[in-house]
Amino acid sequence: MSEIIRSNGYLPNFRNKADGLNLLTCLPEQSIKTAFFDPQYRGVLDKLSYGNEGAKRGQARCSLSQMDEPTIKRFIREIDRVLLPGGHLFLWVDKFHLCQGVLQWLQHTELNLVDMVVWNKGKIGMGYRTRRKSEYLVVCQKNPVRAKGIWTVHNIPDVWDEKTPKTHPHSKPLNLQKALIEATTQEGDWVLDPASGGYSVLTACQDLNRNFIGCDIEFGEEPIHNEDNRERTTLSVVFFGLCNKCNFFLNF
(Lines give C-alpha, C1' and ligand atoms only; values in the text may rest on other atoms or scores of the structure.)
Protein backbone atom coordinates (compact mmCIF):
# COMPACT_ATOMS: atom_id res chain seq x y z
CA MET A 1 0.00 0.00 0.00
CA SER A 2 2.77 2.46 0.88
CA GLU A 3 4.46 1.80 -2.46
CA ILE A 4 1.22 2.47 -4.36
CA ILE A 5 0.70 5.73 -2.48
CA ARG A 6 4.27 6.91 -3.09
CA SER A 7 4.20 5.93 -6.76
CA ASN A 8 1.26 8.30 -7.25
CA GLY A 9 3.06 11.25 -5.70
CA TYR A 10 1.69 11.12 -2.15
CA LEU A 11 3.22 10.18 1.19
CA PRO A 12 1.68 7.99 3.90
CA ASN A 13 1.45 9.39 7.43
CA PHE A 14 1.97 12.89 6.05
CA ARG A 15 0.08 16.19 5.70
CA ASN A 16 -0.39 16.00 1.92
CA LYS A 17 -1.58 19.22 0.32
CA ALA A 18 -3.66 17.92 -2.57
CA ASP A 19 -7.15 17.45 -4.01
CA GLY A 20 -8.90 14.69 -2.09
CA LEU A 21 -10.65 13.30 -5.16
CA ASN A 22 -7.34 12.94 -6.98
CA LEU A 23 -5.91 11.08 -3.99
CA LEU A 24 -8.93 8.78 -3.75
CA THR A 25 -8.73 7.72 -7.40
CA CYS A 26 -5.16 6.50 -6.78
CA LEU A 27 -6.11 4.17 -3.92
CA PRO A 28 -6.86 0.52 -4.67
CA GLU A 29 -10.30 -0.96 -4.08
CA GLN A 30 -11.00 -2.39 -0.62
CA SER A 31 -7.77 -1.12 0.94
CA ILE A 32 -9.04 1.12 3.77
CA LYS A 33 -10.43 -0.05 7.12
CA THR A 34 -11.89 3.24 8.39
CA ALA A 35 -12.49 6.67 6.83
CA PHE A 36 -13.41 10.11 8.13
CA PHE A 37 -14.99 12.77 5.93
CA ASP A 38 -15.80 16.35 6.90
CA PRO A 39 -17.30 17.94 3.76
CA GLN A 40 -16.62 21.64 3.40
CA TYR A 41 -20.09 23.08 2.86
CA ARG A 42 -21.88 26.24 3.89
CA GLY A 43 -24.99 24.62 5.40
CA VAL A 44 -25.35 26.72 8.55
CA LEU A 45 -24.05 29.94 7.00
CA ASP A 46 -26.35 29.73 3.99
CA LYS A 47 -29.42 28.94 6.07
CA LEU A 48 -28.81 31.73 8.57
CA SER A 49 -27.67 34.29 5.95
CA TYR A 50 -26.21 36.67 8.47
CA GLY A 51 -24.94 39.00 5.75
CA ASN A 52 -21.82 40.03 7.68
CA GLU A 53 -19.54 37.17 6.67
CA GLY A 54 -16.00 38.29 6.07
CA ALA A 55 -16.17 41.02 8.71
CA LYS A 56 -16.18 39.00 11.91
CA ARG A 57 -18.74 36.21 11.98
CA GLY A 58 -17.76 33.09 10.01
CA GLN A 59 -14.78 34.77 8.36
CA ALA A 60 -12.42 31.79 8.64
CA ARG A 61 -15.09 29.33 7.54
CA CYS A 62 -16.15 31.46 4.57
CA SER A 63 -12.57 31.72 3.30
CA LEU A 64 -12.35 27.96 2.71
CA SER A 65 -13.20 26.35 -0.63
CA GLN A 66 -16.74 24.98 -0.64
CA MET A 67 -17.99 21.60 -1.90
CA ASP A 68 -21.28 21.36 -3.77
CA GLU A 69 -23.61 18.37 -3.46
CA PRO A 70 -22.32 16.52 -6.57
CA THR A 71 -18.74 16.83 -5.26
CA ILE A 72 -19.70 15.46 -1.85
CA LYS A 73 -21.41 12.50 -3.54
CA ARG A 74 -18.29 11.83 -5.65
CA PHE A 75 -16.16 11.77 -2.50
CA ILE A 76 -18.52 9.33 -0.80
CA ARG A 77 -18.68 7.02 -3.81
CA GLU A 78 -14.89 6.89 -3.94
CA ILE A 79 -14.68 6.27 -0.19
CA ASP A 80 -17.17 3.44 -0.63
CA ARG A 81 -14.97 1.96 -3.36
CA VAL A 82 -11.78 1.94 -1.26
CA LEU A 83 -13.34 0.74 2.01
CA LEU A 84 -12.91 -2.88 2.98
CA PRO A 85 -16.12 -4.92 3.41
CA GLY A 86 -17.51 -4.09 6.85
CA GLY A 87 -15.37 -0.92 7.00
CA HIS A 88 -16.68 2.30 8.50
CA LEU A 89 -17.13 5.87 7.27
CA PHE A 90 -17.50 8.58 9.93
CA LEU A 91 -19.29 11.47 8.21
CA TRP A 92 -19.49 14.91 9.84
CA VAL A 93 -22.74 16.80 9.18
CA ASP A 94 -24.38 19.97 10.51
CA LYS A 95 -27.88 20.43 11.89
CA PHE A 96 -29.46 21.38 8.56
CA HIS A 97 -28.09 18.42 6.63
CA LEU A 98 -29.08 16.18 9.52
CA CYS A 99 -32.68 17.40 9.37
CA GLN A 100 -32.88 17.39 5.57
CA GLY A 101 -31.34 13.94 5.37
CA VAL A 102 -27.99 12.63 4.18
CA LEU A 103 -29.20 9.30 2.80
CA GLN A 104 -29.21 10.75 -0.72
CA TRP A 105 -25.42 11.06 -0.40
CA LEU A 106 -25.21 7.29 0.12
CA GLN A 107 -27.19 6.35 -2.99
CA HIS A 108 -25.41 3.97 -5.40
CA THR A 109 -22.98 2.82 -2.69
CA GLU A 110 -22.75 -0.15 -0.32
CA LEU A 111 -22.79 2.19 2.69
CA ASN A 112 -25.51 1.95 5.33
CA LEU A 113 -26.34 4.45 8.08
CA VAL A 114 -25.94 2.48 11.31
CA ASP A 115 -25.45 5.02 14.14
CA MET A 116 -24.74 8.63 15.08
CA VAL A 117 -22.62 10.44 17.67
CA VAL A 118 -23.40 13.95 18.93
CA TRP A 119 -20.32 15.99 19.78
CA ASN A 120 -20.95 18.54 22.53
CA LYS A 121 -18.27 21.16 21.86
CA GLY A 122 -18.68 22.81 25.25
CA LYS A 123 -19.13 26.31 23.81
CA ILE A 124 -21.98 28.28 22.30
CA GLY A 125 -21.96 28.98 18.56
CA MET A 126 -24.22 30.72 16.04
CA GLY A 127 -28.01 30.73 15.88
CA TYR A 128 -31.01 33.05 15.58
CA ARG A 129 -33.13 30.86 17.88
CA THR A 130 -31.22 28.07 19.59
CA ARG A 131 -27.44 28.54 19.67
CA ARG A 132 -25.38 25.75 18.16
CA LYS A 133 -23.32 23.81 20.67
CA SER A 134 -23.03 20.45 18.89
CA GLU A 135 -21.91 18.76 15.71
CA TYR A 136 -23.08 15.41 14.42
CA LEU A 137 -21.10 12.40 13.28
CA VAL A 138 -23.05 9.95 11.15
CA VAL A 139 -21.71 6.40 11.34
CA CYS A 140 -21.89 4.43 8.09
CA GLN A 141 -20.81 0.85 7.49
CA LYS A 142 -20.10 -0.85 4.20
CA ASN A 143 -21.78 -4.20 3.55
CA PRO A 144 -21.96 -6.61 5.30
CA VAL A 145 -23.48 -4.69 8.21
CA ARG A 146 -22.60 -6.18 11.58
CA ALA A 147 -20.97 -5.03 14.82
CA LYS A 148 -19.74 -8.29 16.32
CA GLY A 149 -16.05 -8.77 15.69
CA ILE A 150 -15.78 -5.45 13.83
CA TRP A 151 -16.70 -2.80 16.42
CA THR A 152 -14.52 -3.77 19.38
CA VAL A 153 -14.96 -0.92 21.90
CA HIS A 154 -18.31 -0.71 23.66
CA ASN A 155 -18.00 2.21 26.08
CA ILE A 156 -18.33 5.10 23.60
CA PRO A 157 -21.37 7.27 24.51
CA ASP A 158 -23.59 8.67 21.75
CA VAL A 159 -23.15 12.16 23.25
CA TRP A 160 -19.46 13.00 23.52
CA ASP A 161 -18.21 15.96 25.57
CA GLU A 162 -14.86 17.38 24.47
CA LYS A 163 -13.50 20.90 24.18
CA THR A 164 -11.15 21.31 21.23
CA PRO A 165 -8.51 24.01 20.65
CA LYS A 166 -9.31 26.22 17.64
CA THR A 167 -6.39 25.23 15.44
CA HIS A 168 -8.53 25.17 12.27
CA PRO A 169 -11.93 26.65 11.26
CA HIS A 170 -13.35 23.12 11.52
CA SER A 171 -11.30 21.66 14.38
CA LYS A 172 -12.53 18.22 15.38
CA PRO A 173 -12.32 16.32 18.72
CA LEU A 174 -9.09 14.33 18.85
CA ASN A 175 -10.12 11.97 21.64
CA LEU A 176 -13.44 11.06 20.00
CA GLN A 177 -11.67 10.25 16.75
CA LYS A 178 -9.10 8.16 18.64
CA ALA A 179 -11.89 6.20 20.33
CA LEU A 180 -13.61 5.52 17.00
CA ILE A 181 -10.36 4.46 15.33
CA GLU A 182 -9.63 2.09 18.23
CA ALA A 183 -13.15 0.66 17.93
CA THR A 184 -12.93 -0.10 14.21
CA THR A 185 -9.28 -0.82 13.40
CA GLN A 186 -6.22 -2.72 14.57
CA GLU A 187 -2.61 -1.54 14.74
CA GLY A 188 -1.16 -1.17 11.25
CA ASP A 189 -4.56 -0.76 9.54
CA TRP A 190 -5.10 2.12 7.10
CA VAL A 191 -7.26 5.12 8.04
CA LEU A 192 -8.35 7.62 5.38
CA ASP A 193 -9.23 11.32 5.60
CA PRO A 194 -9.47 12.97 2.14
CA ALA A 195 -10.43 16.40 3.52
CA SER A 196 -8.10 16.52 6.50
CA GLY A 197 -8.33 20.20 7.52
CA GLY A 198 -6.37 20.38 10.77
CA TYR A 199 -5.09 16.79 10.41
CA SER A 200 -6.41 15.65 13.79
CA VAL A 201 -7.06 12.19 12.29
CA LEU A 202 -3.35 11.99 11.41
CA THR A 203 -2.46 12.85 15.02
CA ALA A 204 -4.87 10.18 16.27
CA CYS A 205 -3.31 7.58 13.96
CA GLN A 206 0.20 8.48 15.09
CA ASP A 207 -0.86 8.06 18.73
CA LEU A 208 -2.49 4.69 18.02
CA ASN A 209 0.08 3.19 15.62
CA ARG A 210 -2.29 3.20 12.63
CA ASN A 211 -1.33 4.11 9.07
CA PHE A 212 -2.82 7.35 7.78
CA ILE A 213 -3.45 8.45 4.23
CA GLY A 214 -5.10 11.79 3.65
CA CYS A 215 -4.81 15.29 2.30
CA ASP A 216 -6.37 18.72 2.21
CA ILE A 217 -6.69 21.05 -0.75
CA GLU A 218 -5.64 24.10 1.30
CA PHE A 219 -3.61 22.84 4.26
CA GLY A 220 -0.48 20.71 4.44
CA GLU A 221 2.66 20.29 2.35
CA GLU A 222 3.19 19.21 -1.24
CA PRO A 223 5.03 15.90 -0.79
CA ILE A 224 6.97 15.64 -4.06
CA HIS A 225 8.16 19.24 -3.95
CA ASN A 226 8.99 18.82 -0.30
CA GLU A 227 11.25 15.83 -0.98
CA ASP A 228 12.92 17.65 -3.89
CA ASN A 229 13.55 20.66 -1.68
CA ARG A 230 15.13 18.48 0.99
CA GLU A 231 17.42 16.93 -1.62
CA ARG A 232 18.36 20.37 -3.03
CA THR A 233 19.03 21.67 0.48
CA THR A 234 21.30 18.71 1.25
CA LEU A 235 23.24 19.17 -2.01
CA SER A 236 23.63 22.90 -1.34
CA VAL A 237 25.03 22.25 2.12
CA VAL A 238 27.51 19.70 0.76
CA PHE A 239 28.56 22.02 -2.09
CA PHE A 240 28.95 24.97 0.30
CA GLY A 241 31.09 22.84 2.60
CA LEU A 242 33.34 21.73 -0.27
CA CYS A 243 33.77 25.32 -1.44
CA ASN A 244 34.79 26.41 2.03
CA LYS A 245 37.36 23.62 2.18
CA CYS A 246 38.75 24.63 -1.24
CA ASN A 247 39.08 28.24 -0.16
CA PHE A 248 40.84 27.16 3.02
CA PHE A 249 43.47 25.16 1.09
CA LEU A 250 43.90 27.91 -1.53
CA ASN A 251 44.56 30.50 1.15
CA PHE A 252 46.92 28.27 3.13
Side-chain angles (χ1 to χ4, degrees), residues 1-40 60 63-67 71-72 74-84 87-92 137 164-237:
M1 180 71 166
S2 294
E3 291 75 13
I4 294 173
I5 292 169
R6 291 177 184 274
S7 68
N8 284 283
Y10 304 99
L11 293 176
N13 304 306
F14 185 78
R15 297 163 56 96
N16 295 285
K17 184 178 180 181
D19 187 309
L21 282 172
N22 292 339
L23 170 65
L24 280 165
T25 57
C26 297
L27 299 179
E29 292 186 8
Q30 300 186 8
S31 58
I32 300 295
K33 192 68 175 291
T34 289
F36 289 81
F37 184 39
D38 180 20
Q40 178 56 42
S63 66
L64 300 177
S65 300
Q66 306 296 311
M67 295 181 185
T71 299
I72 292 172
R74 286 179 61 198
F75 267 91
I76 291 176
R77 285 197 295 269
E78 280 297 309
I79 292 170
D80 172 59
R81 181 184 66 81
V82 303
L83 275 178
L84 286 160
H88 286 84
L89 164 62
F90 296 104
L91 175 64
W92 288 101
L137 189 61
T164 300
K166 195 69 172 178
T167 57
H168 181 271
H170 295 283
S171 295
K172 292 297 182 283
L174 176 63
N175 292 326
L176 171 57
Q177 292 174 131
K178 287 174 68 172
L180 296 171
I181 290 170
E182 280 191 298
T184 58
T185 67
Q186 301 294 321
E187 288 192 5
D189 283 342
W190 285 92
V191 177
L192 167 70
D193 186 355
S196 298
Y199 289 91
S200 53
V201 174
L202 169 58
T203 301
C205 288
Q206 291 171 332
D207 291 346
L208 298 172
N209 197 27
R210 269 63 167 177
N211 283 303
F212 169 86
I213 180 60
C215 66
D216 192 89
I217 198 166
E218 297 190 31
F219 299 90
E221 303 175 58
E222 297 179 10
I224 297 301
H225 295 162
N226 193 54
E227 286 190 333
D228 291 343
N229 287 336
R230 282 198 293 266
E231 290 176 4
R232 283 196 293 271
T233 301
T234 302
L235 289 172
S236 298
V237 170

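Model, not experiment: these values are computed from the prediction. Starting from 1, each residue takes its place in the sequence as its number.
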Exercise. Side chain to side chain contact (heavy atoms under 4.5 Å, CB included) between Arg210 and Ile181: does it pass, once the steps are laid out?
Worked result: CA-CA 9 Å; Arg210 269 63 167 177; Ile181 290 170; 4.0 Å; yes
Exercise. Step by step, would you call Leu91 with Leu137 a side chain to side chain contact (heavy atoms under 4.5 Å, CB included)?
Worked result: CA-CA 5 Å; Leu91 175 64; Leu137 189 61; 5.6 Å; no
For this session: Might you work through the salt bridge (Lys or Arg N to Asp or Glu O under 4.0 Å) test for Asp207 and Lys178, ending with a clear yes or no?
Result: CA-CA 8 Å; Asp207 291 346; Lys178 287 174 68 172; 3.5 Å; yes
For this session: Let me see the working for Phe37 and Phe75 under ring-ring contact (aromatic ring centres under 6.0 Å, His included), right down to the final yes or no.
Result: CA-CA 9 Å; Phe37 184 39; Phe75 267 91; 5.0 Å; yes
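Taking the side chain as every heavy atom from C-beta outward, Phe90 and Thr34 approach each other to under 4.5 Å. You'll find the side chain of Val82 reaches within 4.5 Å of the side chain of Leu192, heavy atoms only. Side-chain contact between Pro39 and Thr71 is absent, with no heavy atoms from C-beta onward closer than 4.5 Å. Within the 4.5 Å cutoff, the side chain of Leu27 has heavy atoms near those of the Ile5 side chain. Met1 has its side chain within reach of Trp190: a pair of non-hydrogen atoms, C-beta onward, lies under 4.5 Å apart. Annotation: side chain of Ile4 is not in contact with side chain of Cys26 (no heavy-atom distance under 4.5 Å). Looking at Val191 and Leu208, their side chains never come closer than 4.5 Å, going by heavy atoms from C-beta outward. Leu202 is not listed as a side-chain neighbour of Ser196, based on a closest heavy-atom distance of 4.5 Å or more.
Residue Ile213 holds its CD1 atom at 8.5 Å from OH of Tyr10, rounded to the nearest 0.5 Å. In this structure, CZ in Arg74 is found 12.5 Å from CD1 in Ile72, a value given to the nearest 0.5 Å. One finds the NZ atom of Lys33 at 6.0 Å from the CD atom of Gln186 (value rounded to the nearest 0.5 Å). Annotation: the span from Thr164 atom OG1 to Leu176 atom CG amounts to 9.0 Å, rounded to 0.5 Å. Distance CD1/Ile32 to OG1/Thr185: 11.5 Å, rounded to 0.5 Å. Between atom CD of residue Glu187 and atom CG of residue Asn211 there is a gap of 10.5 Å, rounded to the nearest 0.5 Å.
Contact detail for Glu221 and Phe14: the closest heavy-atom pair is O-CE2, 3.6 Å. Scanning all heavy atoms of the two residues, the minimum distance from Pro165 to Ser171 falls at O-OG, 3.3 Å. Of all non-hydrogen atoms in Asp38 and Ala195, the two that sit nearest each other are O-CB, 4.0 Å. Considering every non-hydrogen atom in both Leu11 and Arg6, the closest pair reads CD2-NH1, 3.2 Å.
Judged purely by atom type and a 3.5 angstrom limit, Arg15 has no side-chain atom pairing as donor or acceptor with the backbone of Cys215. Remark: the backbone N or O of Leu180 is paired with a side-chain donor or acceptor of Thr184 at under 3.5 angstrom. Between the side chain of Asp193 and the main chain of Gly214, no donor-acceptor pair closer than 3.5 Å is present. Put simply, the side chain of Asp19 gets close to the backbone of Leu21: a donor and an acceptor are under 3.5 Å apart. Between the side chain of Tyr199 and the main chain of Phe219, a donor-acceptor pair closer than 3.5 Å is present. Proximity of a side-chain donor or acceptor of Asn13 to a complementary backbone N or O of Phe212 within less than 3.5 Å is detected. With Asn22 contributing its side chain and Ala18 its backbone, the two residues share no donor-acceptor pair below 3.5 Å.
With salt bridges taken as basic N to acidic carboxylate O contacts below 4.0 Å, none links Lys17 and Asp216. Looking at Arg81 and Glu78, a side-chain N of the basic residue comes within less than 4.0 Å of a carboxylate O on the acidic one, giving a salt bridge.
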